[in-house]
Asker: 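Pasting a structure here, questions to come.
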Protein chains: 2
Amino acid sequence: MTTPKFAQIKQFIVDNIRSGAWLENQRVPSENELADQFSVSRMTARRALSELTEAGILTRSQGLGTFVASFKSQSSLLEIKNIADEVKARNGNYSCTVLVLESINALAPIAIALGVEADSVVYRSVLVHNENDQPLQVEERFVNPALADSYLQQDFTHLTPHEYLSSVAPLTEARHTVEAIMPNAEMCQWLNLYHEEPCLQVIRRTWSSTGIVSFARLVSPGSKYRLGGHLTFKK
Amino acid sequence: MTTPKFAQIKQFIVDNIRSGAWLENQRVPSENELADQFSVSRMTARRALSELTEAGILTRSQGLGTFVASFKSQSSLLEIKNIADEVKARNGNYSCTVLVLESINALAPIAIALGVEADSVVYRSVLVHNENDQPLQVEERFVNPALADSYLQQDFTHLTPHEYLSSVAPLTEARHTVEAIMPNAEMCQWLNLYHEEPCLQVIRRTWSSTGIVSFARLVSPGSKYRLGGHLTFKK
DNA sequence: ACAATTATCTTGTATATACAAGATGGCTTG
DNA sequence: CAAGCCATCTTGTATATACAAGATAATTGT
């Protein structure tokens, strides 16, 4: 008996749901019933139910019982991975080109996004992430100097901005939006696009405990890049 | 003392991380230390650490200790919500128009995506989801008749296809991809677009225990629709 | 000096027990 | 008959205890 008892009970429950034997919103055995059935203590049976509830596969309510969660309530999740890791994962040759690394006076929209005063100095970088020496994504990033004052001295061909910023300011929050845009002429040049092509744009804002750290715009050609997501009953 | 003890300990730990007092990869107090510090049993302290580990805020390793998880390892997640719910959530007027509801002979790519033989009969629906009577998203869906034989008899102006399919075949898995595309003429007409505009396209395939249930293509204008994601240390 | 053992710390699994609190049905009482 | 009470089910919180197993540092023996 190498697999723990609580894991066996989890497996038993998941199998019943996967096979369709237990349908949505149907009641599952109570803690005491499972404890008897598997000859374990109530706390062990409880652990199986609790962890599956935390995973969103079951729902519980005190006094009533435990039920199979409705699939509808499962929100579908998409991962936004580090692009360097993604390229390496598919055995591509990853490289990075630094196009711009400067300090500028923030225009109003940038200043607002970074939570600093308009026209104050912020850092700006534009990098191109390449796979097999072909542009895959352009990263334009605005950084709050108060939280990362040596940003301009970094060598981003070896350390990504995100990695550097994480080490300088402990990140506490991030927000993303994904949209489809048409690249402007400058972006076309950066991405080496000869004809106009729709692009995926991810806007990422990262917070630290003391304020907004940076504001990044990640643009990739729709023909070369896509986001993947996966949702499954398992474990 | 209304809030449970384990929740208080979780709060204490999260506060220390948010404030930057405990940095990435730094060791946090052990179960026994927390138990002494808060005058609780080891099992209660353990619960706080376990739940924060499950949430991805801490990492643990047997024999070594518990550590603040590195932000880098946190995968950023995007939610794909039900569009009807989203519209209603912002107090919009949601409506749905059924453009196509038919059975067709599947071309090769559709047949492969659905896991059926080429040229076999499958169901196809094209719906337009409207916000305040303006097209927001086109949903083109191909359905495996073996798993939902009364699909064509449904009234999708009141029940979404996803809701109907969930009730008929217990869903066990879903996969998504998001990309930026340029709509063709037919799609432009459906979306009421006068000039060409980049669109966000979500492809969703859903599995049941007995096979692939359906294959959906969700297309929204880039100017009207975006996906939002959010990642935070909390609870 | 070096290798093997031991002690001691950590997390991981499991049990038995106790009481609190929500939900439900049946019973008692007015 | 109906309102209130109570027994009994459920999950939720909390403790004390025991042993297993991984990791590390100290100790011991050669």
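Naming convention: chains lettered A, B, ... in sequence-line order (proteins, then strands); numbering from 1 in each chain. Quick note: numbers below take in every heavy atom, side chains included, and nothing from hydrogens, waters or symmetry partners.
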Asker: Quick check: A:Y151 with A:F156 (ring centres under 6.0 Å apart)?
Answerer: yes

Asker: Can you tell me if the side-chain N/O atoms of B:R47 get under 4.0 Å from OP1 or OP2 in D:dA14?
Answerer: no

Asker: Which is more 5' along DNA chain C, the nucleotide nearest A:S39 or the one nearest A:R42? Just name the residue.
Answerer: A:S39

Asker: Is B:T44 near enough to D:dT15 that one of its side-chain N or O atoms lies under 4.0 angstrom from OP1 or OP2?
Answerer: yes

Asker: Between the protein and nucleotides 22-25 of chain C, list the N/O to N/O atom pairs that are separated by less than 3.5 angstrom.
Answerer:
from: C:dG22; atom 1: O4'; to: A:Q62; atom 2: OE1; distance (Å): 3.4
from: C:dG22; atom 1: N2; to: A:G63; atom 2: O; distance (Å): 3.1

Asker: Can you check the B:F67 CZ to D:dG22 C1' distance for me, whole Å?
Answerer: 12 Å

Asker: Which listed nucleotide (D:dA14, C:dT13, D:dT11) is nearest to the side chain of B:P4?
Answerer: D:dA14

Asker: When you measure from every atom of DNA chain C, which of residues 29-37 of chain A have a heavy atom less than 4.0 Å away?
Answerer: none

Asker: For residues B:L99 and B:V128, determine if any side-chain heavy atom of one lies less than 4.5 Å from a side-chain heavy atom of the other.
Answerer: yes

Asker: Are the side chains of B:Q8 and B:P4 in contact, using a 4.5 Å heavy-atom criterion?
Answerer: no

Asker: Between B:R60 (CZ) and C:dT10 (P), how many Å, whole number?
Answerer: 11 Å

Asker: Kindly write out the residues that satisfy salt bridge (charged side-chain N to carboxylate O under 4.0 Å, His left out) with A:E140, not counting sequence neighbours, or none if the list is empty.
Answerer: A:R124, A:R217

Asker: According to side chain to side chain donor-acceptor pair (under 3.5 Å), who are the partners of A:R46, at least two apart in sequence or on a separate chain?
Answerer: A:E31

Asker: In chain order, what residues pass the salt bridge (charged side-chain N to carboxylate O under 4.0 Å, His left out) check against B:E179, with sequence neighbours excluded?
Answerer: A:R226

Asker: Using the six-membered ring of B:F215, assess whether NZ or CZ of B:R205 lies under 6.0 Å from its centre and within 45 degrees of the ring axis.
Answerer: no

Asker: If a pair satisfies ring pair (Phe, Tyr, Trp, His ring centres under 6.0 Å) and one of its residues is in residues 35-69 of chain B, list it, with sequence neighbours excluded.
Answerer: B:F12-B:F38

Asker: In whole Å, I'd like the distance from the NZ atom of B:K5 to the P atom of D:dA14.
Answerer: 6 Å

